[in-house]
Each structure stands twice: as C-alpha cells, then as structure tokens.
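Numbering of ligands and ligand atoms starts at 1, following listing order.
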Amino acid sequence: MSMVHAATEPRNGAALVTLSEVSKHYPARGSGTPPLVALRPTTAEFRHGEIVAIVGPSGCGKSTLLSLVSGLERASSGTLMIDGDPLVQPYKDAGIVFQKDLLLPWRNALDNVLLQAEVRGISRRSIAARALDLLAMVGLKGFERHYPHELSGGMRQRVSICRALLHEPRLLLMDEPFAALDAITRDQLALDFQHIVKADTRTVVFITHNMDEAVFIGDRVMVMTARPGRIADVIDINIPRPRTIHSRDIPEFTAYTGRVRDIFMEHGVLKDHT
Ligand SMILES: Nc1ncnc2c1ncn2[C@@H]1O[C@H](COP(=O)(O)OP(=O)(O)O)[C@@H](O)[C@H]1O
Ligand SMILES: [Mg+2]
C-alpha cells in the first residue's frame, strides 16, 4: 500500500457536501435576550477528495459548522446536501476526530480503534488486519496493546485518527485535532497527516485556529470571521504535495499565510495598536 499520493493525482471537482445559506442559532437563555447566533448564513462546498482547512478565531462557529456537516446537529436555516441528498440524520459515511482524543482508558490502542467497528456492527475478525495496518502506518507498530495512559498525547491522537479511518469513510471531519499537542508533535502530525489520509479518495474538513497549519494542510483554505462567524473568503493553495518541512520556507507559503492574515485584518479579527 502506497502511503504517499502523488501531487499530480487528479481531483474530482464535484461537490460531496454543499451548504447553501446554512446558519445555526441557539435559543435565548432568558426572556428579553436574543437567540445566540453560532453561525451566520454560510455557503460553501467540500469537493470529492479535497482537503479543506477552515481557519477562524475561537468562538466563530467552526465546531458548529462541523457538527452541522456531520449531521449531529440540525441547521436553523438553509440547506445542507451530501451527495445530492439533504442531510437529515447523522451522516454514516463520516469519521470524526476531535481536539481531545476521547480514547477509552480501559481499552488498549487496538481495541480503541476497533470500537469504530463495534458501533457499526462490523465483525472484528474482518477488520482487525486493517486496524493493525492503520496503527503501523501512523508509526504505532509495537504499541497496539498499550493503554492510553501508556501513550504520549501525539500517539493517542494518532490512535484517534486510526479509529476515524477504520471504516474508510468518504468524509473525514477533524476539529482542531492537533491543537492540544506540543508545537513539535503538532508539526510532525501535520507532516504525517497527508500520508495518513490518502487524500485522493477522501474528503477532509480540517478545522484549526492556526493560520500556518491551515495553509500547510489545505488544498483550499476557508477563512472565517469573528463570532458570529461565516466564511469570508476561500483561498486555493497551490503548493505541491507531499508538503515537507521546507514547504513553510517557500515564498508562496508566506504569501498564503499573509493573505489569511489580511482577511482577518479586513474583518477586524486581528488589529494592530496604532
Ligand atoms: N450547544 C450550544 N448552546 C448554546 N450556544 C452554543 C452551543 N454550542 C456553541 N454555542 C455558541 O456558539 C458559538 C460558536 O461556538 P463554536 O462553534 O464552538 O466555536 P469555535 O469552534 O469556532 O470556537 C459560541 O459563541 C458558543 O458559545
Ligand atoms: Mg471549536
């Protein structure tokens, strides 16, 4: 199995997920207070096989957007389509990774990965080999029987990613998956990530509050405004894959992160003291 997908691999431009004016608000918590707007009407699409990074400040509605796309929450207005059908229940063909690894402490790494099979009624026997392959691919060969407390934060997050990929979902949703890790581990996981997901077959929505990480990870970067947010701009990132440690040093990279910063400044997310 090739772990590297070629930079030249064709990407199918058709949309897997389409959001049309999708918004979310939560009911007011007292009389006289307005409902809380978590996401302003947002229009976007996530295409087959692409990695979309969504970057925005804390509280702007990133997690809300992701939970709407997963189908775990319903939009307050607008339409959300997956594969041509309106999404009315949790989308089955998705895998989700959160900032917290959410591993069960009483299960070893392998059994945590296999949890995905259990909840889906897939037999352990048919899928154990894939679980072991995934763990090996993320560098955890020899740690299959280790328990979460015996693993580092980075290793635990790798196990979470394996669990999210076990059933080969079409859509991988990641909500600040590396945000709880130290800076070096975070950079390493970003490097490994593009090999792990084999982005040619899977659509990935990767949420981050880190501009650098968004540009490094994404085929496209969607930039969100401050709370209540919406997608203000979308940038195509034309940096070849696999991206490497040195990708961050090339002028194009700095130009892209500068572009994200400018959009944040235009929308008042970032401002200088004058
Ligand atoms: N279940 C909820 N009930 C009420 N308000 C919520 C709920 N979930 C999120 N919010 C509010 O919606 C806004 C956006 O939250 P969130 O999507 O978590 O932001 P982000 O992930 O970008 O930090 C925040 O102001 C948050 O307080
Ligand atoms: Mg969040």
Side-chain angles (χ1 to χ4, degrees), residues 17 19-46 51-80 87-91 94-103 153 156-157 160-161 164 171-183 186 189-190 193 204-218 220-235 257 260-261 263-271:
V17 184
L19 291 83
S20 309
E21 298 288 307
V22 168
S23 77
K24 179 71 180 177
H25 51 253
Y26 292 102
R29 287 285 156 83
S31 61
T33 54
L36 188 139
V37 180
L39 184 71
R40 279 190 284 159
T42 293
T43 297
E45 62 177 31
F46 306 128
I51 303 178
V52 175
I54 301 180
V55 62
S58 180
C60 76
K62 302 183 295 299
S63 296
T64 300
L65 176 58
L66 209 73
S67 61
L68 294 174
V69 173
S70 72
L72 293 169
E73 295 231 42
R74 298 293 304 278
S76 307
S77 70
T79 353
L80 207 160
L87 184 67
V88 291
Q89 57 186 20
Y91 182 55
I96 311 183
V97 182
F98 297 99
Q99 179 174 337
K100 288 186 70 174
D101 55 64
L102 303 176
L103 299 181
R156 288 199 298 271
Q157 202 55 310
S160 305
I161 293 170
L171 181 62
L172 179 64
L173 303 172
M174 306 182 87
D175 193 354
E176 306 203 31
F178 308 151
L181 306 173
D182 67 88
R186 181 179 190 148
L189 266 170
F193 170 74
V204 180
V205 182
F206 186 105
I207 301 260
T208 178
H209 56 244
N210 185 303
M211 294 182 263
D212 234 56
E213 189 173 71
V215 171
F216 189 86
I217 293 279
R220 294 193 297 147
V221 171
M222 296 183 176
V223 185
M224 289 184 71
T225 57
R227 186 171 87 86
R230 60 180 183 84
I231 293 168
D233 218 331
V234 184
I235 308 171
T257 53
V260 176
R261 207 178 43 234
I263 295 165
F264 281 153
M265 285 168 67
E266 270 165 43
H267 291 274
V269 174
L270 285 172
K271 41 192 167 288

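- Remark: distances from the non-hydrogen atoms of Arg29 to ligand 1 include one below 4.0 Å.
- Side-chain contact between Leu80 and Arg74 is absent, with no heavy atoms from C-beta onward closer than 4.5 Å.
- Side-chain contact of Glu21 with Thr43: a donor-acceptor pair under 3.5 Å is present, judged by distance alone.
- Ranked by closest heavy atom to atom 18 (O) of ligand 1, the top entry among Ser63, Pro228, Ser58 is Ser63.
- Side-chain atoms of Lys62 come within 3.5 Å of backbone atoms of Gly56 as a donor-acceptor pair (strictly under, hydrogens ignored).
- A donor-acceptor contact under 3.5 angstrom links the side chains of Ser63 and Asp175, judged on distance only.
- Backbone and side-chain nitrogen or oxygen atoms of Glu176 are examined, and none is located within less than 3.5 angstrom of a nitrogen or oxygen of ligand 1.
- Of all protein heavy atoms, the one lying nearest to atom 25 (O) of ligand 1 is Arg227 CD, 3.1 Å.
- Closest to atom 11 (C) of ligand 1 among all protein heavy atoms lies Leu36 CD2, 3.5 Å.
- Selection from Gly229, Gly59, Ala38 by nearest heavy atom to atom 23 (O) of ligand 1 gives Gly59.
- Counting backbone and side-chain atoms alike, Ser58 contributes no N/O/S atom closer than 2.8 Å to the Mg ion (ligand 2).
- Taking every non-hydrogen atom of Gly61 and a distance limit under 4.0 Å, the qualifying atoms of ligand 1 come out as 14 (C), 16 (P), 17 (O), 19 (O), 20 (P), 22 (O).
- In terms of protein heavy-atom proximity, atom 9 (C) of ligand 1 is nearest to Tyr26 CE1, 3.7 Å.
- Among all heavy-atom pairs drawn from Val37 and Pro228, the shortest one is O-CB, 3.2 Å.
- Scanning the protein for heavy atoms near atom 17 (O) of ligand 1, the closest one is Thr64 OG1, 2.6 Å.
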Would you sort out whether Phe216 and Phe193 count as a ring-ring contact (aromatic ring centres under 6.0 Å, His included), showing the intermediate values?
-> CA-CA 10 Å; Phe216 189 86; Phe193 170 74; 9.6 Å; no

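- Side chain to side chain, Ser23 and Ser77 meet the donor-acceptor criterion of an N or O pair below 3.5 Å.
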